[in-house]
There are 2 protein chains.
Amino acid sequence: MVIKTTRSNEAMGAKGEANRQHIVDVADNLFYQKGYNQTSFTDIAEASEIPRGNFYYYFKTKDEILLAVIEHRVVMIRSMLQTWDQEFTTPLDKLKRFAHILRVEGQDVCQFGCPLGSLTIELGKAQQELQSQAKGMFDVFREWLVKQFSDLGYPDNANHLAMQLMSRIQGIVVMAHAYNDPAFIETSANEIESWIDSLKKTN
Amino acid sequence: MVIKTTRSNEAMGAKGEANRQHIVDVADNLFYQKGYNQTSFTDIAEASEIPRGNFYYYFKTKDEILLAVIEHRVVMIRSMLQTWDQEFTTPLDKLKRFAHILRVEGQDVCQFGCPLGSLTIELGKAQQELQSQAKGMFDVFREWLVKQFSDLGYPDNANHLAMQLMSRIQGIVVMAHAYNDPAFIETSANEIESWIDSLKKTN
DNA sequence: GTCTATAATACGATAGAC
DNA sequence: GTCTATCGTATTATAGAC
């Protein structure tokens, strides 16, 4: 028996909620692998085995599906960061775990790029209202990184260091994706970790 | 009087050649500002004031327009690098001129991202045949950078240094685009230039 | 809540007159 | 070489039966 206490839509029961989440999950993958504008309702319908027409019961427009995907990603990112906060104690270890994403996601990244970066770039071209929503995913990471750099002893330029680290990782991903080069990711991940280590204060 | 000695199509006269080039120029801008898949024939027709149907006299498919745009960009890049080779003598100055692109293109980059990077990412999702063509634009830069790093005294890891420099610039562009932040470009350009200076060998 | 049928539009591409 | 008219398809979205 399934008992659900929270509902994102008052008129939606447990079954509907599960269907809605299934659509979001499938759309999340497809938007990453094919791009938002290149993913059709038919694509999502076939992958989710939910008829096209049903989508309009859960979402009024395609844009609303994207917003739900972004919200879902934000929740997943927050949850991941929370796990890291429990697994690692020092800011240095937490920062290195962040950089380690490169290796964990290396294969996907070479094929499809960064889920955050590629979506932001796509939307930034001509759908800037949606892009500013997607930017929220970067903000979650950035705010967490700012805290780590502050704790490490760089309270004054913590935000720039956070931007710098995210920027370096984005760049590595773009070039690794362009050249489909996993070795470049590996080498670059080592360099990033060395850089993080070099920020350790001895006093 | 216009005398043309080279023709990319045997059956095409001077007028046709000019029209063809005009289509390529307009498509180049639109593909950059709206993305390839989000740019329609109607968009190009309106911006160029050439009727939709005429395109098929010059190009068999939309993909062929993209290939012509990529070829055109490669030519422009080569020409730019040649100018730099004439304007600057030392590899250090040439590398710094490369990094200076960030400042020159700062405004466009904040709005639309990198013309090479954003196109490569878009095509990498589900049009990999086209992406491998777009990669050629990166290759022109990379091979030139490899020569500069070799001349600077790093013949063994010149290719990695080239990838590293391009990677850093791509990352800066992605974040500056995501946050629409020209100041981040300015600061980062200074950091890149300091890094290039630090590579100078004293012996 | 679920599903089918279909509207309304935009797309890339073709045919053929001039 | 130029231009118009149009085909066939794919798209998002709606209407309405169940």
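Atom set for the values below is all heavy atoms of this structure, side chains included, hydrogens, waters and symmetry mates excluded. Below, chains carry the letters A, B, ... as their sequence lines are ordered, and counting in each starts from 1. Computed from a predicted model, the values in this text were never measured in an experiment.
Backbone-only contact: A/Phe41 has heavy atoms under 4.0 Å from sugar-phosphate atoms and none from a base.
Salt bridge present: B/Asp139 and B/Arg142 bring a charged side-chain N and a carboxylate O closer than 4.0 Å. A salt bridge links A/Glu193 with A/Arg103: at least one charged nitrogen is closer than 4.0 Å to a carboxylate oxygen.
Atom CD in B/Glu64 sits about 15 Å away from atom C1' in C/dT14, given to the nearest Å. Rounding to whole angstrom units, CG of residue B/Leu66 and C1' of C/dA13 are separated by 17 Å. The nearest whole Å value for the distance from the NZ atom in B/Lys62 to the P atom in C/dA13 is 8 Å. D/dT11 atom C1' lies 13 Å from atom CD1 of A/Ile65, rounded to whole Å. Computed from coordinates, the A/Tyr58 OH to D/dA13 P distance equals 18 Å when rounded to whole Å. The NE2 atom of A/His22 sits 13 Å away from the P atom of C/dT2 (whole-angstrom rounding). Rounding to whole angstrom units, OH of residue A/Tyr56 and C1' of C/dT4 are separated by 15 Å. Per the geometry, CG belonging to B/Asp43 stands 8 Å off P belonging to C/dG12, to the nearest Å.
The residue from B/Arg73, B/His72, B/Met80, B/Arg78 that alone fulfils the side chain to side chain contact (heavy atoms under 4.5 Å, CB included) condition with B/Met76 is B/His72. Partner of B/Tyr36 under the side chain to side chain contact (heavy atoms under 4.5 Å, CB included) criterion, chosen from B/Ile65, B/Asp63, B/Val69: B/Asp63.
Close to C/dT2, at under 4.0 Å from its OP1 or OP2, lies no side-chain N or O of A/Asn54. Proximity of A/Ser40 to the phosphate of D/dT11: a side-chain N or O atom is located under 4.0 Å from OP1 or OP2. Regarding contacts with the backbone of D/dC3, every side-chain N or O of B/Tyr57 stays at 4.0 angstrom or more from both OP1 and OP2.
Along DNA chain D, the nucleotide closest to A/Thr61 and the one closest to B/Asn19 are compared, and the more 5′ of them pairs with B/Asn19.
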